Amino acid sequence: MSRVVVDVMLKPEILDPQGKAVHGAFDRLGFDGVASVRQGKRFEIELTGDAGPEAVAEIERAASTLLSNPVIEDYTLHVETEA
Amino acid sequence: MSRVVVDVMLKPEILDPQGKAVHGAFDRLGFDGVASVRQGKRFEIELTGDAGPEAVAEIERAASTLLSNPVIEDYTLHVETEA
Amino acid sequence: MTTHRELDTTDAAAKTPDQAQPWDELGLKEHEYTRIRDILGRRPTNSELAMYSVMWSEHCSYKSSKAHLRQFGQKAPASDALLVGMGENAGVVDIGNGLAVTFKVESHNHPSYVEPYQGAATGVGGIVRDILAMGARPVAVMDPLRFGPMDADDTKRVLPGVVAGVGGYGNCLGLPNIGGEVVFDPSYAANPLVNALCVGVMRHEDIHLASASGVGNKVVLFGARTGGDGIGGASILASESFDDSKSSKRPSVQVGDPFMEKVLIECCLELFERRLVDGIQDLGAAGISCATSELASNGDGGMHVDLETVLLRDPTLTPGEILMSESQERMMGVVTPENLDAFLAVTGKWDVETAVIGEVTGTGRLVIDWHGETIVDVDPRTVAHEGPVYERPYARPAWQDELQAASPSALPRPSTGAELRDTLLRMLASPNLASKAWVTDQYDRYVLGNTVLAQPEDAGVLRLDESSGLGVAVSTDGNGRYTKLDPYTGAQLALAEAYRNVATTGARPLAVTDCLNFGSPEDPAVMWQFAEAVRGLADACQVLGTPVTGGNVSLYNQTGEAAILPTPVVGVLGVLDDVGRRIPQGFREPGQVIYLLGETGDEFGGSEWAWVTHGHLGGMPPSVDLDAERELAEILVNASRDGLVDAAHDVSDGGVAQALAEAVLRHGTGARVWVPDGVDPFVFLFSESQARAIVSVPRSEEVRFTDMCTARRFGHQRIGVVDDGGVLDVQNVLAVGVDELRNAHESTLPAVFDA
Amino acid sequence: MRIGVVTFPGSLDDRDAARAVRLAGGDAVELWHADADLHGVDAVVLPGGFSYGDYLRAGAIAGMAPVMRAVVDAARGGMPVLGICNGFQVLCETHLLPGAMIRNDRLRFVCRDQPLRVENADTAWTSAYEPGERIVVPLKNIDGCYVADERTLDQLEGEGRVAFRYDGHNPNGSLRDIAGVTNAAGNVVGLMPHPEHAVEPTVGPGSTDGLGFFTSVLETIEGMARA
Ligand SMILES: Nc1ncnc2c1ncn2[C@@H]1O[C@H](COP(=O)(O)OP(=O)(O)O)[C@@H](O)[C@H]1O
Ligand SMILES: [Mg+2]
């Protein structure tokens, strides 16, 4: 078993109402010192086998079509190694 | 400016309909080899100043009260260093 | 290569008359560019060029359609209900008790194809702001939709996204969705139609208009901050720097924030109530360019704007981009200096960011400065109202005769009971006639607590006054197949159906809005369809006494040479003095008598039957009889007022069979029906003759009801009885149990979209 | 009797809740999220909607509003509080009620006329019903799947604190078909469906099954005043 993590964030130029709302909540709680907040998605994908090159390529393909919407989102992918 | 990232995931014992749906979509696309998928949230928090211990402690407090709901979610936090 | 340019000011423009400008990339024709130079007496600055190019685009200037749309005004029937007519953000109709209603339908077709969720969401957001800008509280939305074939892969991408977007935005805004359409046809593949309608209500004295008057009054921009949204193509044109890497970062997709819009609505309503705003305009296409030029040209003076005071989400935006940005959830207001503090207190209460960006002047010019240097100095009328008007050539296409000659009369028809039964079930399950609950269950139809009828009823009905029960009914319809066969008739049929749907609930039809979705106006055949449809609609509105109060045109819906079916979507609004008297569509009471109102002919051109069973489209659409529509409406309205009928359902696509099945399914009752003597069962069940409805009449009212029909010489046939047997039984022809009907009707969309 | 209805930015069904209060015979009092004062009300309704757009988590940001500090204190002191839909989510976020709501199992918004079974007719908001009574009220949400850990669920069942269950079709995947719960004292009740939309015969689904919530609380308050 191994784990691939895909992080999906809105492209920087796209409005992120959620991040904006969270930023507002920080302010209301009196946490200052925050310049901006962006909220995205995190997918933790457990593979039945090893995260070999083919498996990663498959996940990569899914990340760019299924997990993210390339019109408004970017993704990054990494293989998680046991701590 | 520095960045703190907070990842929030549903606790393992809580069902995750979104992760389940993604898993199902993997299957339909013919990506086998996926054992499970969990979907969570990723917050990218830009600080106006340094990610010093106090700032991080503040974010940590927010992560455990605001950004996650301890009834159903766990979080992890890390300071991102420039690549 | 990066070439940063100096800020292009009016001074610079005067000094460099020969500087090349990318007018063609901006979509302008050479003669249009020349005209801009003539108007200004110099070359435009880059900002001015961007502004003219967007405001003179088809989308904003209606340059291809204007010449035809004038008929809506010229032929408008006299109506004392119309308080504000065409030309404003939306028309306003008097419904009595000091209340007025405003409603309008608009398209967001192309953006919804590119990004279905956000495209549809921002489509809803945009039309809601139009209604809000009239001074009204938005109270409901509707969404007429068209998609490619139901099971096409691309439809499986587009439809769920569009539906989630309409719902995601409208639900979060707290506006009930009270109706719409879902139609599938191959011509809409790659060209889905996402139209959105909003209804608003206000007191007469609250009507606001988009004009900036009163020298010294402040111009304020409030709501969301301005970002790079929707600049897209225009960014090349609008940008001061032709830096590829940068302009590629300007998203052509706009992202909506319904929460911001909800807050903006409540904030605006409080501003209206406290009389703190004089003129108001929403920001839609062409953003600040459009809002400033329209407000200024509708006012009595000019306007000066300091563009650097606009609050930005992205500090790297250039002045040209700020002018063009289509960031959502923004409004522009004109406020007297005395009211400014109170105005800011209200926006502050709602956490709505506000900037004073300029003021009304007496110069008659729209002047926009950037850090003290003038980048725009124009007569606002030349931007907003005096764009080009084209008399585009149009011609009846050569293939039209052939299409009309391909009559469906030669198609094999079902004749035995088993064949007819099979046909009924097959049609009930076909994509266009199947239940749309998969879609509508994703929409909140109850919020605001005034929804009297919503899907799957013939029209959405809203209560607007709790004490008197005064309310309105709205329906949208449009049949692209009919319109393709005969555009003049097709547009009239769209109106007739919406009008009939409204009357079926017991409401008196009052006014019309329309969204005209067509292919490229540069194709003379398409332009002919458009011209014919407008002529048909204007003529029919005259006969029915329902003026067009506003609407929208969407052209260039085509892929290569292939245009969509010409699709005029017509919305009709009617009034009910007491919503307690509304007539729902479902049979409820066993023992009531079923009447078919109107005349049934052998009419199958463009019918659902020909399409579903033979994939056939040809012949002539059903004939229109507007006098009969009017008579039928009066009968239904009187029947509602006098409590003569308990249920009514209009007969349209799929004919009497479909109408009966839907009326039985609503409450799972049953009906025993007989085919009138001398009528062919197939024609009785499936013909799409117009000006018809089925009603269920309590026995105690039967005589009064038939007397009324007789007195009006309107065809009425007793065709059956409601029962609770759980079967739709067309005697000696076919019988189907409610469960089987329901299964056929309700499984189709889930089978495709839940797979 | 004065029933407060809180408006948060993004509340949608606040006017509807106030109408239901009036139809039941109470006085509806508007409460503003930024005002920590409850203005002497006898009970509070947290209405449905998408407070703060439901961004972050449904009800999370509203849970931090100044008015909620006052509501939490008053609820602990026994004041009747009803959370409808988004209001239920706020009650869970502020831990007045156990559990949490996540995305519906089908991941879509769902609007339907929903049959419910009243499991506990002894709360401040349900005394007008019979135990086991079946009522139909609208349901409309996207984050309506009720979850809690097994121990909490067992405890809720054991203590009779499941106030409502979905009858027949479970529309959102809620564990054990739970549609609403109550606190141990029975003064704080939350549910996903919308009783305030089923109070008049001509609007909404046409049932008046939801009116009992509001008549119940008026009776409860009267009883508290007599006591
Ligand atoms: N996209 C939609 N949004 C909301 N309501 C819809 C939508 N599509 C269809 N409906 C509703 O479903 C019902 C049936 O639609 P339809 O068969 O097209 O009605 P009709 O034939 O009477 O125009 C109507 O109440 C209609 O308003
Ligand atoms: Mg109809």
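Owing to the predicted nature of the structure, the values given are computational and were not obtained by experimental measurement. Just so we're on the same page: letters track the sequence lines, and every chain starts at 1.
- Contact of B/Leu10 with chain D is made through the side chain alone, with heavy-atom distances under 4.5 Å.
- Using a 4.5 Å cut-off between heavy atoms, B/Glu13 makes no contact with chain D at all.
- In terms of heavy-atom pairs under 4.5 Å with chain B, the best-connected choice from D/Ile102, D/Asn104, D/Asp149 is D/Ile102.
- Between B/Ser2 and B/Asp50 the shortest heavy-atom distance is OG-C, 3.4 Å.
- The distance from the OH atom of D/Tyr166 to the CG atom of D/Leu139 is 5.0 Å, given to the nearest 0.5 Å.
- Of the charged side-chain nitrogens involved, at least one lies within less than 4.0 Å of a carboxylate oxygen, so that D/Glu157 and D/Arg165 count as a salt-bridged pair.
- D/Pro80 is listed as a side-chain neighbour of D/Met224, based on a closest heavy-atom distance under 4.5 Å.
- Taking D/Glu93, D/Arg103, D/Arg57 one by one and counting their heavy-atom pairs under 4.5 Å with chain B, the maximum is reached by D/Arg57.
- Per-residue counts of heavy-atom pairs under 4.5 Å with chain D were compared for B/Lys11, B/Lys20, B/Glu73; the largest is that of B/Glu73.
- Contacts of D/Leu107 with chain B are made by side-chain atoms alone, with heavy-atom separations under 4.5 Å and no backbone atom involved.
- With respect to the salt-bridge test (charged N to carboxylate O, under 4.0 angstrom), the residues D/Arg176 and D/Glu150 qualify.
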